[in-house]
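Below is the structure I would like to discuss, written out as structure tokens.
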2 protein chains.
Amino acid sequence: MHPRYALVTNQLKKHQIRLSDRRLKILECLCYNLEHPTVDQIYVNLHKEIPTLSKTTIYNTLHTLAELGLIRIINIEDNKTRYDIITESHGHFKCQTCGSIFNFEVDLKSFATDELSGFKIMERNLYFKGICQECLLNKND
Amino acid sequence: MHPRYALVTNQLKKHQIRLSDRRLKILECLCYNLEHPTVDQIYVNLHKEIPTLSKTTIYNTLHTLAELGLIRIINIEDNKTRYDIITESHGHFKCQTCGSIFNFEVDLKSFATDELSGFKIMERNLYFKGICQECLLNKND
DNA sequence: GTTCCTGCAAAAGCTTTGCAGAAGA
DNA sequence: TCTTCTGCAAAGCTTTTGCAGGAAC
């Protein structure tokens with residue numbers, strides 16, 4: 001079982017939020033889809049298995065999880081929101097050729113600057129864009 | 001005159017893009033609006049002065065400027081795109097209470113990690129969210 | 001005359017909202 | 001029974017597209 005799965009389901013129980021079939025499937029999707037899926041990607045992923053699943057339910061579930069801080073919202077793209085099951089500090093790299101989003105380790109918690117003294121920082125995001133290794137290699141072929 | 005204004009107009013000339021009245025006004029708006037305006041904010045700002053200005057023109061102009069790398073696109077919010085006349089490396093802080101977006105200095109160019117070796121990094125963004133100093137002080141009243 | 005620029009209207013895409021029926025406690 | 005959950009349909013917003021008239025070169 002994915003390490004985050006147990007943690008998230010425990011938190012849901014603690015907040016008296018039902019572990020419905022839909023919610024558990026969406027959570028699974030977040031755990032095993034490393035692409036930081038959009039609502040539409042989750043929908044497509046689960047549609048075969050649950051043909052009656054609606055996007056509204058996906059939106060509802062993601063909002064619930066985000067409010068509890070159990071998933072992270074990624075705004076690396078202009079037009080749509082992505083969701084990340086990993087909430088620990090890390091950066092994101094988006095390949096502008098293939099569209100993939102990669103994680104990379106970076107400790108943002110230690111960052112400080114005088115300009116933000118007196119500010120309460122609650123969320124830190126580092127987003128890079130460019131071309132990933134694989135796409136660069138393919139280009140040179 | 002704002003330091004970026006001359007630079008951007010020169011670049012537009014160089015690329016044989018006409019310095020039309022609309023474009024110059026939108027550029028002015030970006031230079032003197034420190035809020036990192038959205039399309040709608042630019043529209044509202046200029047509407048009194050130019051009642052016939054359309055949002056399509058604002059979109060067109062911003063796309064042109066962004067393609068030439070003369071402005072930066074900010075995706076700190078889920079739903080709408082903001083634009084920044086300052087293209088040098090810096091971070092953004094969004095206050096979740098008043099909605100203001102602050103700049104802060106940070107040199108992202110020097111950041112490196114083994115995980116991204118072999119990747120071509122073209123754009124670096126650091127976004128913080130939280131509560132700004134003023135809103136924190138007001139809260140305690 | 002030819003290219004570029006502008007603005008209206010329509011369309012497209014993502015997300016939210018209202019509501020009613022279903023499921024669970 | 002009462003609350004929560006789900007899904008459809010509609011609405012709301014931002015952004016894009018097609019096109020035609022106008023401006024600039």
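This structure is a prediction, so every number in the text was calculated from the model and none was measured. Proteins come first, then strands; the chains are lettered A, B, ... in the order of their sequence lines, and each starts at number 1.
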Check: Contact class for A/Thr38 vs. all strands (heavy atom < 4.0 Å): base, sugar-phosphate, or nothing?
Finding: nothing

Notebook entry, point to check: Between C/dT15, D/dT15, C/dT16, which one does the side chain of A/Thr81 approach most closely?
Noted result: C/dT15

Margin query: Please report the distance, rounded to the nearest Å, between CZ in B/Arg18 and P in D/dA23.
Written below: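 Those two atoms, CZ and P, are 12 Å apart.
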
Notebook entry, point to check: Strictly under 6.0 Å, is that where the ring centroids of A/His2 and A/Tyr32 end up?
Noted result: yes

Next item on the list: For B/Asp40, answer base if it contacts any base atom (sugar-phosphate contacts may also be present), sugar-phosphate if it contacts only those atoms, and nothing otherwise; contact means non-hydrogen atoms under 4.0 Å.
Entry: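 Touches nothing.
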
Next item on the list: Fit a plane to each ring of B/Phe128 and B/Phe104, take the angle between them on a 0 to 90° scale, and name the class: parallel (under 30°), tilted (30 to 60°) or perpendicular (over 60°).
Entry: tilted

Notebook entry, point to check: What's the closest nucleotide to the B/Ser20 side chain, out of D/dT16, D/dA24, C/dT6?
Noted result: C/dT6

Checklist line | Rounded distance in Å - NZ (A/Lys80) to P (C/dT15) | finding: 8 Å

Checklist line | Minimum-distance nucleotide to A/Tyr59 side chain [options: D/dC5, C/dC14, C/dT6] | finding: C/dC14

Check: Could you state the CD1-P distance from B/Ile42 to D/dT14, rounded to the nearest angstrom?
Finding: 13 Å

Check: Where the side chain of A/Thr57 is concerned, which of C/dT15, D/dT6, D/dA24 is the nearest nucleotide?
Finding: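 Closest of the options to the side chain of A/Thr57: D/dT6.
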
Note to self: Any side-chain to backbone donor/acceptor pair from A/Arg23 onto A/Arg18? Under 3.5 Å, distance only.
What the structure shows: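 Side chain of A/Arg23 to backbone of A/Arg18: a pair is present.
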
Check: Taking OP1 and OP2 of D/dT16, is either one under 4.0 Å from a side-chain nitrogen or oxygen of B/His63?
Finding: yes

Item checked: Atom-to-atom span, OH of B/Tyr43 to P of D/dC13 - whole angstrom ->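 Interatomic distance, OH of B/Tyr43 to P of D/dC13: 15 Å.
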
Next item on the list: Give me the ring orientation class for B/Tyr43 and B/His47: parallel if the planes are under 30° apart, tilted from 30 to 60°, perpendicular past 60°.
Entry: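 Tilted.
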
Item checked: Protein-nucleotide distance (B/Lys55, atom NZ; D/dC13, atom P), rounded to Å -> 10 Å

Checklist line | Separation of atom CG in A/Asn60 from atom P in D/dT3, rounded to whole Å | finding: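 Atom CG in A/Asn60 sits about 19 Å away from atom P in D/dT3.
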
Note to self: How many whole angstroms separate atom NZ of B/Lys13 from atom P of D/dC25?
What the structure shows: 12 Å

Item checked: Nucleotide nearest A/Thr56 (side chain, heavy atoms from C-beta), chosen from C/dT17, D/dC5, D/dT16 -> C/dT17

Next item on the list: Examine distances only and state if a side-chain atom of B/Arg124 and a backbone atom of B/His90 form a donor-acceptor pair shorter than 3.5 Å.
Entry: no

Item checked: B/Ile58 CD1 - D/dT17 P separation (whole Å) -> 18 Å

